[in-house]
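Here is how names work: the chains are called A, B, and so on, in the same order as the sequence lines, proteins then strands, and each is numbered from 1. Basis for what follows: all heavy atoms, side chains included, without hydrogens, waters or symmetry-related copies. All figures in this text were calculated on a predicted structure; none of them were measured in a lab.
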Amino acid sequence: MQYIPNILFLIILVLGVGYFTLNIKKLIRNIKLGRAVDASDNKSERWRNMARIALGQSKMVKRPVAGFLHIVVYVGFIIINIEVLEIIIDGLFGTHRIGLKVLPESVYGFLIGSFEVLAVLVLVSVIVFWIRRNVVKLKRFLSSEMKGWPKSDGNIILYFEVVLMCLFLVMNATDTTFQNLGHGNVISQFIAPWFSSLSEGTLHIIERTAWWIHIAGILVFLNYLYFSKHLHILLAFPNTYFGSVQPKGKFNNLEAVTNEVKLMMDPNADPFAAAPEGAEEEEPAKFGASDVMDLNQIQLLNAYTCTECGRCTSACPANLTGKKLSPRKIMMDTRDRLEEVGKNIDANGGEFKDDGKQLLGDYITNEELWACTTCNACVEECPVSINPLSIILEMRRYLVMEQSAAPMELNNMMTNIENNGAPWPYNQMDRLNWANEE
Amino acid sequence: MSEQLKVPTMAEFMAEGKQPEILFWVGSAGSYDDRAKKISKAFVKILNKANVEFAVLGEEESNTGDVAKRAGNEFLFQMQAMMNIEVLNAYEVKRIVTCDPHSFNCLKNEYPSLGGNYDVVHHTQYIKELISSGRLTLEGNTYKGKRITFHDPCYLGRANNEYDAPREVLKNTNANLVEMKRHKNTALCCGAGGAQMFKEPEKGNMDINVLRTEDAIATKPDIIATGCPYCNTMMTDGVKAKEKEGEISVLDIAELIANS
Ligand code: SF4
Ligand code: SF4
């Protein structure tokens with residue numbers, strides 16, 4: 001009988017970690033639906049980016065208030081989770097505060113003491129975050145794409161943090177042995193008196209309850225991530241690693257196009273030559289993207305990593321002047337569609353069954369795509385190295401090369417380039433006239 | 001500009017068996033757009049003054065394909081690129097200077113993998129070079145004490161991280177440089193990029209160039225300096241929309257330097 005708590009703990013732990021692993025596998029499978037992309041270059045620069053942008057949060061501090069608070073929550077959260085290690089060992093082996101047995105009292109006290117201070121800092125930050133979202137109503141949290149689930153998601157995680165931090169402090173405050181120790185109860189010593197009228201037994205029950213809910217809460221939190229913008233806690237690391245290391249103005253050249261253009265321009269190419277053997281079997285390359293499978297794996301990882309912070313949108317010239325385009329929405333749509341495709345695959349035994357929908361049109365409209373000035377403000381702003389512009393470009397490519405669906409003025413412009421080498425209807429032979437005009 | 005400009009072509013250099021120091025890539029706007037032509041001339045004036053041996057491709061230059069690429073037409077872009085690369089490589093061009101940040105970005109970043117490898121610089125970078133090497137000296141009286149605010153072109157700034165060259169060059173005018181609230185990497189686009197120059201904007205509540213002009217006007221400038229022919233058009237239109245053309249002029253850095 002005495003092992004029941006240990007077994008119960010083990011079951012909860014296995015369930016929590018197991019379900020999480022399952023979802024992460026699904027996430028990886030979904031990302032692999034995208035086109036493969038080679039990112040094996042510039043390894044050291046990529047590691048540096050990851051250390052600087054994800055770990056060092058270099059882009060967050062550009063907005064000092066949010067940046068500072070975010071660092072507090074982030075550091076606090078990570079460090080306090082060291083405590084989880086102790087909880088897991090205690091839970092599995094039925095020990096109580098194993099740390100006290102292996103560490104000198106003063107060291108243990110110092111650790112728990114700092115956790116308590118951090119817990120309070122996290123609480124304060126989280127409350128400020130909540131006020132920013134719900135009372136001050138910052139513009140970037142109010143856009144149309146932030147209605148419904150994205151809005152609740154933002155708040156739920158804040159409530160989670162509050163509950164977890166409070167549980168941690170209560171757990172310490174009601175732990176009489178720990179309080180009697182006199183080390184490390186920097187904050188909880190002030191909470192302990194609230195419970196002083198209670199009997200030893202009741203205190204113990206409260207302490208145990210807080211302990212159990214704390215660890216259960218952390219496991220729920222872990223599993224909540226997959227459904228939330230808070231996946232960025234994990235994905236910010238790979239995402240900043242795979243982020244572009246090229247100048248932002250450099251757009252990729254499509255290789256499939258290069259091959260065709262070379263063939264067209266090669267005077268020696270024989271257009272009637274028989275296709276090399278096996279060539280017919282090859283599916284003709286699709287230019288650009290109309291659905292998530294046409295995007296590359298980094299773009300899909302981008303979609304899962306998006307924090308929905310809206311920094312991109314708040315810097316987007318199109319959005320600032322009332323156009324429909326919002327780079328954040330581009331990322332959220334991509335993730336939603338990818339999830340939809342993933343569920344479709346799960347429901348159909350591992351195969352995607354055409355559902356008559358696609359990213360283009362059903363999620364992202366032409367109007368949004370044509371409003372982009374390719375200014376890179378969104379890319380510059382993103383704190384986790386996401387590139388919404390690359391998705392916009394890929395979808396424009398589909399519209400133009402597969403559907404000839406560019407706005408009329410652009411078609412005229414492109415015809416001019418084809419015919420006279422300039423976007424306007426001027427004669428190529430007049431190209432140097434400016435030099436002699438007065 | 002009364003004195004006759006000297007604008008030799010690559011073909012002329014070739015005929016004499018010579019190589020110029022640089023190729024001046026004029027670009028479509030610089031060749032055909034009335035406002036941008038003045039920028040091309042101003043830049044040539046600078047080159048003449050500094051005794052730079054340069055040449056243009058003239059009739060052999062064609063659109064870089066940049067705008068087609070950004071509109072999504074990768075085919076047209078690559079055809080333009082390969083045609084231009086053929087010409088450039090035939091002349092064994094090493095160094096290219098251009099007043100258009102879009103051409104600059106495209107030639108510098110997107111031509112190499114198609115076989116076009118050149119040292120490409122923006123005219124503000126080149127002018128900076130001419131000044132610091134002592135080849136170009138300015139009196140610096142024309143704009144002394146004037147308030148100038150510089151609008152960063154997206155394809156020079158964010159796209160290629162060049163924020164300093166235009167500012168350093170502007171210092172030589174002895175003007176009073178004032179920054180807009182959004183500048184350098186947070187600069188707002190003028191609204192022309194991504195092929196927007198060639199189409200009507202989507203439905204919204206304002207034009208981007210007007211919003212950007214408001215940023216500039218807030219610095220109470222005498223002059224808005226630009227480094228891109230498209231930005232120049234956009235900001236000029238914005239100043240007109242705000243009915244400030246009497247007080248504020250919009251000039252390219254090449255023009256400011258040519259007059260200094
Ligand atoms: S690149 Fe396009 S989407 Fe991104 S900020 Fe500029 S206009 Fe907006
Ligand atoms: S793309 Fe980046 S900047 Fe935009 S909402 Fe997502 S995380 Fe924020």
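- A salt bridge does not link K38(B) to E255(B): none of the charged side-chain nitrogens sits closer than 4.0 Å to a carboxylate oxygen.
- Here F287(A) and F75(B) bring their ring centres to under 6.0 angstrom of each other.
- The greatest number of non-hydrogen atom pairs below 4.5 Å with chain B, out of L320(A), L410(A), L325(A), is found for L410(A).
- To the nearest 0.5 Å, the span separating CE on M395(A) from CD on Q358(A) amounts to 7.5 Å.
- With chain B as the partner, the residue from C316(A), P423(A), A318(A), A435(A) showing the most heavy-atom pairs under 4.5 Å is P423(A).
- E110(B) touches chain A through backbone and side chain together, each having a heavy atom under 4.5 Å away.
- With a 4.5 Å cut-off on non-hydrogen atoms, R182(B) touches chain A through its side chain but not through its backbone.
- The backbone N or O of I298(A) sits less than 3.5 Å from a side-chain atom of N296(A), completing a donor-acceptor pair.
- Contact annotation for L399(A): neither backbone nor side-chain heavy atoms come within less than 4.5 Å of a heavy atom of chain B.
- Comparing N376(A), L389(A), T258(A) by heavy-atom pairs within less than 4.5 Å of chain B, the highest count is held by T258(A).
- More than 12 heavy atoms of other residues, nucleotides or ligands shown are found within 6.0 angstrom of CZ on F13(B).
- Using a 4.5 Å cut-off between heavy atoms, V210(B) does not touch chain A at all.
- Note on ring orientation: taking the six-membered ring where Trp is involved, the planes of Y230(B) and F198(B) are perpendicular (angle over 60°, cut-offs 30° and 60°).
- Within the 4.5 angstrom heavy-atom criterion, atoms from both the backbone and the side chain of N73(B) approach chain A.
- The candidate with the highest count of non-hydrogen atom pairs below 4.5 Å against chain A, out of G204(B), S62(B), A192(B), is S62(B).
- By number of non-hydrogen pairs under 4.5 angstrom with chain A, the leading residue of A81(B), A68(B), A187(B), S31(B) is S31(B).
- A cation-pi arrangement is absent between R46(A) and F242(A) under the rule of less than 6.0 angstrom and at most 45 degrees off the ring axis.
- Heavy atoms closer than 4.5 Å to chain A are found nowhere in K6(B), neither backbone nor side chain.
- In terms of heavy-atom pairs under 4.5 angstrom with chain A, the leader among G72(B), G191(B), G157(B) is G72(B).
- The aromatic ring centroids of W25(B) and F104(B) lie 6.0 Å or more from each other.
- The most heavy-atom pairs under 4.5 Å with chain B, out of M413(A), E381(A), K324(A), come from M413(A).
- For E61(B), the parts lying under 4.5 angstrom from a heavy atom of chain A are both the backbone and the side chain.
- Once rounded to the nearest 0.5 Å, the distance linking CG of N185(B) with CG of D152(B) reads 9.0 Å.
- Of the possible polar contacts, one joining the N420(A) side chain to the W424(A) backbone as a donor-acceptor pair under 3.5 Å is found.
- Residue N412(A): no heavy atom, backbone or side chain, is found under 4.5 Å from chain B.
- Residue I208(B) touches chain A through both its backbone and its side chain, counting heavy-atom pairs closer than 4.5 Å.
- Taking chain A as the reference chain and counting heavy-atom pairs below 4.5 Å, the highest number among M79(B), R212(B), H102(B) is found for M79(B).
- Counting heavy-atom pairs closer than 4.5 Å to chain B, the top residue among R396(A), E409(A), R431(A), K248(A) is R431(A).
- If you measure heavy-atom distances from M197(B) to chain A, you find no contacts under 4.5 Å at all.
- Expressed to the nearest 0.5 Å, how far CD1 of I39(B) lies from CG of D100(B) amounts to 9.5 Å.
- No part of N319(A) comes within reach of chain B, as not one of its non-hydrogen atoms sits under 4.5 angstrom from that chain.
- Contacts with chain B were tallied for E368(A), K62(A), M429(A), E394(A); M429(A) has the most, counting heavy-atom pairs under 4.5 Å.
- Between L251(B) and T226(B), the closest side-chain pair of non-hydrogen atoms is not below 4.5 Å.
- Between E145(A) atom CD and M331(A) atom CE the span is 12.5 Å, to the nearest 0.5 Å.
- Counting heavy-atom pairs under 4.5 Å between each of L188(B), L76(B), L211(B), T186(B) and chain A puts L76(B) at the top.
- Enclosure of atom CD in E255(A) is not indicated, since only 12 or fewer non-hydrogen atoms of other residues, nucleotides or ligands lie within 6.0 angstrom.
- Between chain A and the residues D34(B), N105(B), V44(B), N84(B), the most heavy-atom pairs under 4.5 angstrom are made by N105(B).
- Only the backbone of A315(A) comes within less than 4.5 Å of a heavy atom in chain B; its side chain stays farther off.
- With contacts defined as side-chain heavy-atom distances shorter than 4.5 Å, the pair R311(A)/R63(A) qualifies.
- Residue contact with chain A, scored on non-hydrogen atoms closer than 4.5 Å, involves the side chain of Y155(B) exclusively.
- T64(B) does not touch chain A: none of its heavy atoms, backbone or side chain, sits under 4.5 Å away.
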